[in-house]
Amino acid sequence: MRARLTLRPLLLTALCAALLAGCANNKEVQKLFNNLPDSNAKQMLQGAAEATSDVSPEEERAMGKDMSALLLGARPLLRHPAAEQYVNRLGLWIALQSERPDLAWRFGILDDKGVNAYAAPGGYVFVTKGLLLSVKSESELAGILGHEIAHVIKRHHVQVAKKKGMGKLVSGAIGQYAQKQGTPELAAMNNLFKNVYTSGLDQADEYEADELGVVLATRAGYSPYGLPSVLQMFAAANAKDPGFELLFSTHPMPNDRLNRLDKLMGDKLDGFEKTASQDSSRLRNIQRLLAR
Ligand SMILES: [Zn+2]
């Protein structure tokens, strides 16, 4: 990777080490985040809090519940306590590095051989069993989770609804969204959500989630190259492979995402590669259990 990127707040190797040592509760993470110097990444994270701030957390959560129900209607949740616990611990750890650590984050595994991951407003993130079995390292999985967490903290799905003229439904008094249950407006909203999961978000949102996903995974102590590495796996896969079909149809082409990250990251994050966690033994263990 070459070129330039000012992700100076990430020059916090010692900080990552301290976080990994288990000293971090939400407040500490928030404090550390607040102490970061000004940078693109910090502005990006702060911008996330301001975007669509007229949507209350309750409404966001209600939307997320509906969207998750749609997802789960198509693919059941995998009930595997060890794997669920693993994905929740890893996902929560990465989410704690964001400026929305206090969301009620929930991470689930979809019983689906396809390779994909999904996010829904309010803190819902899902990865498929196929994805869990395909990643080669915990850093790769961290990169994917970082990307999905970024969609949540940037409220990308909420913004799509607003752009499509459903602003009234997703903003306003607390509980307004919930009161729309069973109405034609909500049915229209659900159609929109279905469309997002089959057609994807805006490309700009995907690129933004890649960028922020790298920041979050790196901050969590994982290799900044975890996401690029998994994108290389996607790039090598055949777009016609049924396992990858939906992923390809809902995201920009992997090579475009890689090129963009390459330009942004350059070699600026190489220092983090050296100190990143290389231990994927927990992932291997879960993969062995899931493959049985
Ligand atoms: Zn995405």
Side-chain angles (χ1 to χ4, degrees), residues 44-45 47-48 51-52 60 63-64 67-68 70-71 74-75 87 90-91 94-95 97-98 100 103 105-110 112 114-128 130-132 134-135 139-164 192-218 222 224 226-235 237 239 243-262 264-265:
M44 188 162 60
L45 287 164
T52 63
E60 204 181 337
M63 285 175 72
M67 289 185 81
S68 302
L70 281 177
L71 273 174
R75 303 159 198 83
V87 170
L90 179 58
I94 298 163
Q97 318 305 320
S98 79
R100 301 187 75 190
L103 277 182
W105 293 95
R106 291 279 178 278
F107 298 83
I109 304 164
L110 299 177
D112 180 353
V115 176
N116 216 339
Y118 304 86
Y124 296 96
V125 173
F126 301 94
V127 294
T128 61
L131 175 76
L132 262 187
S134 302
V135 287
S139 281
E140 286 192 356
L141 182 56
I144 289 286
L145 288 169
H147 174 102
E148 298 305 328
I149 289 165
H151 280 314
V152 175
I153 67 172
K154 295 290 281 182
R155 298 179 170 97
H156 284 154
H157 300 90
V158 179
Q159 285 178 19
V160 167
K162 291 186 83 174
K163 269 188 222 157
K164 300 278 181 188
L192 176 72
F193 290 162
K194 267 186 209 157
N195 196 272
V196 167
Y197 286 132
T198 51
S199 312
L201 290 160
D202 290 348
Q203 292 220 335
D205 290 348
E206 294 300 343
Y207 290 137
E208 189 172 54
D210 280 346
E211 189 176 340
L212 190 46
V214 167
V215 171
L216 294 175
T218 306
Y222 289 97
L227 184 60
S229 172
V230 80
L231 289 174
Q232 278 166 359
M233 184 256 282
F234 294 166
F244 287 85
E245 226 165 8
L246 190 59
L247 179 88
F248 278 82
S249 69
T250 55
H251 284 77
M253 293 310 283
N255 276 329
D256 293 341
R257 297 170 68 185
L258 274 168
N259 287 338
R260 202 178 159 281
L261 278 179
D262 184 17
L264 283 168
M265 290 166 70

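Quick caveat: nothing in here was measured; it's all calculated off a predicted structure. Both counts, for ligands and for their atoms, begin at 1 and track the order of listing.
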For Glu206, the option from Arg260, Arg257, His147 that meets side-chain hydrogen bond (donor to acceptor under 3.5 Å, both in side chains): His147
Polar side-chain atom of Asp205 near backbone of Leu201 as donor-acceptor pair, under 3.5 Å: no
Residues which pass ring pair (Phe, Tyr, Trp, His ring centres under 6.0 Å) with His156, listed by chain and number, not counting sequence neighbours: His151
In the protein, N/O/S atoms that are found under 2.8 Å from the Zn ion (ligand 1), waters not counted: His147 NE2, His151 NE2, Glu206 OE1, His251 NE2
Minimum heavy-atom distance Ile149-Ala95, with the two atoms named: CD1-N, 3.7 Å
Polar side-chain atom of Thr128 near backbone of Asn116 as donor-acceptor pair, under 3.5 Å: yes
Where His157 and Pro121 come nearest, the two heavy atoms and their spacing: CB-CG, 3.9 Å
